[in-house]
Asks: 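Following this message is one structure expressed as structure tokens.
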2 protein chains.
Amino acid sequence: MGRNRATLADVARRAGLSKTAASMVLNGREGTRLSAEAHQRVFAAAEELGYRPNLAARSLRTRKTATIAFVSDIVATTRFAGDLIRGALDAARERDHVLLITETQGDATFEQYAIEAVLDRQVDGVIYAAMATRRLTVPPAILGGPVVLLNATSSDGLPSVLPDDERAGLSVASALLELGHRDAIALIGRNRLKEDDPEVSLAARARLHGIQQALGEADVSLLAECFCTEWLPEHGYAAMRTLLNRSKRPSAIICMNDRLAFGAYQALGEAGLSVPEDISVISFDDDPIAAWLRPSLATTALPHEQMGRRAVELLLDGGVAESPLVPMPLRRRRSLAPPAG
Amino acid sequence: MGRNRATLADVARRAGLSKTAASMVLNGREGTRLSAEAHQRVFAAAEELGYRPNLAARSLRTRKTATIAFVSDIVATTRFAGDLIRGALDAARERDHVLLITETQGDATFEQYAIEAVLDRQVDGVIYAAMATRRLTVPPAILGGPVVLLNATSSDGLPSVLPDDERAGLSVASALLELGHRDAIALIGRNRLKEDDPEVSLAARARLHGIQQALGEADVSLLAECFCTEWLPEHGYAAMRTLLNRSKRPSAIICMNDRLAFGAYQALGEAGLSVPEDISVISFDDDPIAAWLRPSLATTALPHEQMGRRAVELLLDGGVAESPLVPMPLRRRRSLAPPAG
DNA sequence: ATGCTCTGCTAAATCAGTTTAGCGACCACT
DNA sequence: AGTGGTCGCTAAACTGATTTAGCAGAGCAT
């Protein structure tokens, strides 16, 4: 790779100046007393030789690599990961940085390995990302330099970037209240494990709080709450069927995520009920599937791209981040209507 | 990041030996005549100091960085990208390498930038990946070193890794034939642009060929073919509705991808038809949605993780790759049944 | 004539490794 | 005693940049 690249010494020689002079000119150093003509010559030589600095050599001296490590537990499995990475990539490029990506797969050995690998390469900072919003403990090895937590928090007081799930819960419930739903709102996706263990999820509890707060303020209580062991379509399907067997049919359903809502749609379709005429449905995440459903599913979007971007900004610009919370915009779609009758 | 790391000189001093000796011992050099005791002392010193080599310094001398560039047009947008990256990440880790990921967004300026960024960092090789299987032209700048094309080919004769869409087409059609479907098989997703322009897609044409070959051998011809401008659920929905308005109802549908099949399911549900009793459905990709559908959708899996892995293997192990094609396994699921009646 | 400052530039050290060339001690052989 | 070979190890060069310290010459005042 890159054999025969011109070095700084080549540039200096061609310009008839010293390496020192060439280095200073190319780095735009202030306060140097090099003549305008010297500048000219260096630039010309660099241009002609197609000179590009060898960053390995530079970083040996400066201890800067213009490289950020993106260490995450799981990059695949969810299509959101790509957005997180893309946002980070964009922000990094704008700052002339590049991303070294590793995955720990939630395995301690891999994590150890990943961290050594990036530290050995002298990265300028680490973005430690979780694919499910949660609390975690960062490996002490990376604390020697800048770290930002992405989609996670820790007790170390490290800067972090999180989606604002509580406000999302609030807006989801409010959307239904505004339409006139009151006494027949059901919730699908309660889950003790997710709600009680912040190392599993922060989203479940926050979303629930938001929903409860909005409903409480309107003096409304839920018609029913369905517990689900996981937030997958099959669980949403089962929950919806249970709900439909009850004496009073709900006028609106809140699902804790879009996959549950997908399952709920399936059960509603089988029961011959239509959304939103018979039942409104609203949810969280804005998985691409939400827009593909018929009718399209109203939901609150996880701002993954924004979050990835913020993480890099926080890491490199050292911003103090007013708040770690990134808003989750409400996507109003066809699955919402006022209650029937 | 990583301040106060012990250097090789520290290790050598503690072992009471020279840097040369320490370097040789730690690199396990053959043919050196250093005593067993010297080995002991170096290993002990390295261990005690928690020594880790500075890879920037090493690669300055050796011109090896143990880093691979993963340059792709688009990392987000499809949930498959994650799998491609994960496979590459795994294979890279097994070989003590790490991935520098960049995205070009199909933009020439970004691409130029991305390539300079990775070449400046002296990567050992480049994986040039496309998110949709297609033919492309690689930027000449990266040809100075090893390159592997992932999910793409080019006219440069570069090694590449591709999914075997033609065989997938073959197995999809064969699966239907085996079940007894013959004169009422319809195809959703024909698309001239994708089929005719290899820079847009190689998959469409290959899948079609495979299907046609299998049907041809069985002396069967398609009942109908629906053209779709894109392969999104809405197009599958529309196509399916069109098909249902014809005089003869199909006994089986082949969709060119799972998203189209998702749309077809929606239209079938609305029409009160059930899968697979009334109509069988089979498709391509194995998007996670395929398993979530009710009934679960039979499809052929894009082996993205395998492909990512193969690309790294090809790049680092220099394998001659018997064939660039990675098999797409058939996932038999509930959407298949013999024709009714 | 001497000393001082300013200008425009460069030699050399430095970063942390790898690699080449070779040194001193010891032994065996003539 | 002199020569040659092996053993066990090291000094120094090298990679390609940045950075520190300082040099030569011009201009000016004393």
Side-chain angles (χ1 to χ4, degrees), chain A residues 1-42 45-46 49-67 96 119-124, chain B residues 1-43 45-46 49-67 119-124:
Chain A
M1 215 85 239
R3 303 152 311 201
N4 314 334
R5 285 166 63 113
T7 70
L8 185 64
D10 297 329
V11 173
R13 197 173 313 120
R14 184 177 191 107
L17 289 163
S18 67
K19 285 196 314 176
T20 310
S23 171
M24 287 171 155
V25 167
L26 292 175
N27 288 315
R29 272 273 277 262
E30 306 282 314
T32 173
R33 296 179 301 233
L34 293 160
S35 66
E37 205 221 321
H39 277 78
Q40 290 281 340
R41 292 220 305 275
V42 169
L49 295 174
Y51 171 72
R52 304 228 91 220
N54 178 328
L55 297 192
R58 170 181 290 170
S59 64
L60 182 55
R61 187 76 235 257
T62 60
R63 347 213 94 233
K64 295 248 161 279
T65 49
T67 301
D96 269 344
L119 292 183
D120 289 352
R121 286 169 180 81
Q122 321 291 123
V123 296
D124 293 344
Chain B
M1 216 83 240
R3 301 155 310 204
N4 313 336
R5 284 166 65 112
T7 71
L8 185 65
D10 298 331
V11 173
R13 197 173 312 121
R14 185 176 190 107
L17 289 163
S18 68
K19 283 197 315 175
T20 309
S23 171
M24 287 172 155
V25 167
L26 293 175
N27 288 314
R29 272 272 276 263
E30 306 282 314
T32 172
R33 294 181 303 231
L34 292 160
S35 66
E37 205 221 322
H39 277 77
Q40 290 280 341
R41 292 220 306 274
V42 170
F43 285 131
L49 296 174
Y51 171 71
R52 302 230 94 219
N54 178 327
L55 296 194
R58 169 180 291 170
S59 63
L60 183 55
R61 187 76 235 255
T62 61
R63 348 210 94 237
K64 293 249 163 276
T65 50
T67 302
L119 291 184
D120 289 353
R121 285 169 180 80
Q122 321 291 123
V123 296
D124 295 342

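Residue numbers begin at 1 in each chain, while the letters A, B, ... track the order of the sequences.
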Asks: How close do A:Tyr51 and A:Thr7 get, heavy atom to heavy atom, and via which atoms?
Replies: CE1-C, 3.5 Å
Asks: Please work out which residues in residues 17-30 of chain A have a non-hydrogen atom less than 4.0 Å from an atom of DNA chain C and list them by number.
Replies: A:Leu17, A:Ser18, A:Thr20, A:Ala21
Asks: Could you tell me from which nucleotide to which nucleotide of DNA chain D, 5' to 3', there is an atom under 4.0 Å from chain B heavy atoms?
Replies: D:dC7 to D:dG16
Asks: Name all residues meeting the side-chain contact (heavy atoms from CB on, under 4.5 Å) criterion together with B:Arg61; count only those two or more places apart in sequence or in a different chain, and write none if there are none.
Replies: none
Asks: Which residues pass the side-chain contact (heavy atoms from CB on, under 4.5 Å) test with A:Thr67, not counting sequence neighbours?
Replies: A:Thr65, A:Val98, A:Leu100, A:Val123, B:Leu100, B:Arg121
Asks: Identify the 5'-most and 3'-most nucleotides of DNA chain C with at least one atom closer than 4.0 Å to a non-hydrogen atom of chain B.
Replies: C:dA16 to C:dT20
Asks: Nearest 0.5 Å please: distance from the OG atom of A:Ser59 over to the CG atom of B:Asn54.
Replies: 7.5 Å
Asks: Tell me, please, which residues at least two apart from B:Asp120 pass side-chain contact (heavy atoms from CB on, under 4.5 Å).
Replies: A:Arg5, A:Arg52, A:Leu55
Asks: On a heavy-atom basis, which atom in A:Ala46 and which in A:Val11 lie closest, and how many Å separate them?
Replies: N-CG1, 3.9 Å
Asks: Using the closest heavy atom to pick a nucleotide of DNA chain D for each, name whichever of B:Thr32 or B:Ala57 lands nearer the 5' end.
Replies: B:Thr32
Asks: Please report how far the helix from C:dA1-D:dT30 to C:dT30-D:dA1 bends, comparing the axis fitted to its first five pairs with the axis fitted to its last five, to the nearest 10 degrees.
Replies: 90°
Asks: Can you tell me how far apart NZ (A:Lys19) and CZ (A:Arg13) are? Round to the nearest 0.5 Å.
Replies: 10.0 Å
Asks: Have a look at A:Arg33 and say if it touches a base, only the backbone sugar-phosphate, or nothing, with a 4.0 Å heavy-atom cut-off.
Replies: base
Asks: Could you pull out all residues at least two apart from B:Arg41 that satisfy salt bridge (charged side-chain N to carboxylate O under 4.0 Å, His left out)?
Replies: B:Glu37
Asks: Hey, which of these two, B:Glu37 or B:Leu60, hits DNA chain D nearer its 5' end, going by closest nucleotide?
Replies: B:Glu37
Asks: Can you list everything that forms a salt bridge (charged side-chain N to carboxylate O under 4.0 Å, His left out) with B:Arg58? Sequence neighbours excluded, please.
Replies: none
Asks: Under 3.5 Å, which donor-acceptor pairs do the side chains of residues 21-31 of chain B form with other protein atoms, sequence neighbours left out?
Replies:
| from | atom 1 | to | atom 2 | distance (Å) |
| --- | --- | --- | --- | --- |
| B:Ser23 | OG | B:Asn27 | ND2 | 3.4 |
| B:Asn27 | ND2 | B:Ser23 | O | 3.0 |

